[in-house]
Amino acid sequence: QVQLVESGGGLVQAGGSLRLSCAASGRTFSRYNMGWFRQAPGKEREFVAAIRWSGGNTYYEDSVKGRFTISRDNAKNTVYLQMDSLKPEDTAVYYCAADLRIGFTISYDWAGYDYWGQGTQVTVSS
């Protein structure tokens, strides 16, 4: 069983920054690929970013490349999403997710993840 708890969401003006955190339980966190997804009202959940278990490889959705940075601290069982130059279209509930398939490549599909946090709201005003 893995529990994920997100924090760091909030209201920010366009051009501002937020840093999301996702704290995970479980002794084998360092072996999981981790992802961030988001879901805006009336839209499907979409991939934002992911990071391999070692932290050596990161992946981003095209619209956030150059603005968002995913990272992880395996000693703290935590994954982060630094979001800079935020835009109103980034407004959504952001979820972190854990892929328990040890040794697999990154999944860009939400169905490839086994555990999810409760989500944190990010609102960007224009």
pair W53-I102: side-chain heavy atoms closer than 4.5 Å = no

Do the numbers put R72 on top of the ring of Y32, so that NZ or CZ is under 6.0 Å from the six-membered ring centre and no more than 45° off the axis?
-> no

Answer yes or no: is there a side-chain heavy-atom contact under 4.5 Å between F29 and N74?
-> yes

Salt bridge D90-K87, side-chain N to carboxylate O under 4.0 Å = no

Nearest-0.5 Å distance that lies between atom OG in S125 and atom CG in L11 = 5.0 Å

Interatomic spacing from CD in Q1 to CG in L100 - rounded to 0.5 Å | 9.5 Å

Where the side chain of N77 meets the backbone of A23, is there a donor-acceptor pair that is under 3.5 Å apart?
-> no

Give a yes or no on whether Y59 and F37 share a hydrophobic cluster (residues Ile, Leu, Val, Met, Phe, Trp, Tyr; joining criterion: side-chain heavy atoms under 4.5 Å apart).
-> yes

Contact summary for P88 and S126, nearest pair of heavy atoms = CG-CB, 3.8 Å

Side chains of I106 and R52: closer than 4.5 Å at any heavy-atom pair?
-> yes

Going from OH on Y108 to OH on Y113, what distance comes out if it is rounded to the nearest 0.5 angstrom?
-> 8.5 Å

M34: which of T78, D99, I51 passes side chain to side chain contact (heavy atoms under 4.5 Å, CB included) = I51

Where do T105 and R101 come nearest, in terms of heavy atoms and distance?
-> O-NH2, 3.8 Å

Checking side-chain contact (heavy atoms from CB on, under 4.5 Å) for the pair D73/Y80: CA distance, chi angles, key distance, verdict?
-> CA-CA 8 Å; D73 185 338; Y80 305 97; 4.1 Å; yes

Are D84 and S17 linked by a side-chain donor-acceptor pair shorter than 3.5 Å?
-> yes

Heavy-atom closest contact (L4 atom, C22 atom, distance) = CB-SG, 3.9 Å

Distance-only, no hydrogens or angles: does the Q39 side chain make a donor-acceptor pair with backbone N or O of K43 under 3.5 Å?
-> yes

Side-chain heavy atoms of L18 within contact of L86, under 4.5 Å = yes

Criterion ring pair (Phe, Tyr, Trp, His ring centres under 6.0 Å) on Y60 and F47, from CA distance to verdict = CA-CA 8 Å; Y60 298 94; F47 173 83; 8.3 Å; no

Assess whether atom CZ of R31 is packed by more than 12 heavy atoms of other residues, nucleotides or ligands within 6.0 Å.
-> no

Under 4.5 Å between any side-chain heavy atoms of M83 and R67, yes or no?
-> no

D114 vs V2, side-chain contact (heavy atoms from CB on, under 4.5 Å): CA-CA, chis, key distance, verdict = CA-CA 9 Å; D114 304 285; V2 176; over 6 Å; no

So do the side chains of S63 and E89 get within less than 4.5 Å of each other, counting heavy atoms only?
-> no

Judged by modelled atom types alone, do Q121 and T123 share a side-chain donor-acceptor pair under 3.5 Å?
-> yes

Kindly check if the number of other-residue, nucleotide or ligand heavy atoms within 6.0 Å of CD (Q3) is above 12?
-> no

Is it true that the NZ or CZ of R45 lies under 6.0 Å from the centre of Y95's six-membered ring and within 45 degrees of the ring axis?
-> yes

Side-chain donor or acceptor of T91 paired with backbone N/O of V124 under 3.5 Å | yes

Is there a donor-acceptor pair under 3.5 Å between the side chain of S30 and the backbone N or O of T28?
-> no

Any donor-acceptor pair under 3.5 Å linking the side chain of E6 with the backbone of C96?
-> yes

Would you say V93 and T120 make side-chain contact, with heavy atoms under 4.5 Å?
-> no

State the CG-CD distance between L20 and Q82, to the nearest 0.5 angstrom.
-> 9.0 Å

W110, CH2 atom: more than 12 neighbouring heavy atoms under 6.0 Å = no

Could you check whether the rings of Y94 and F68 sit parallel, tilted or perpendicular, using 30° and 60° as the cut-offs?
-> tilted

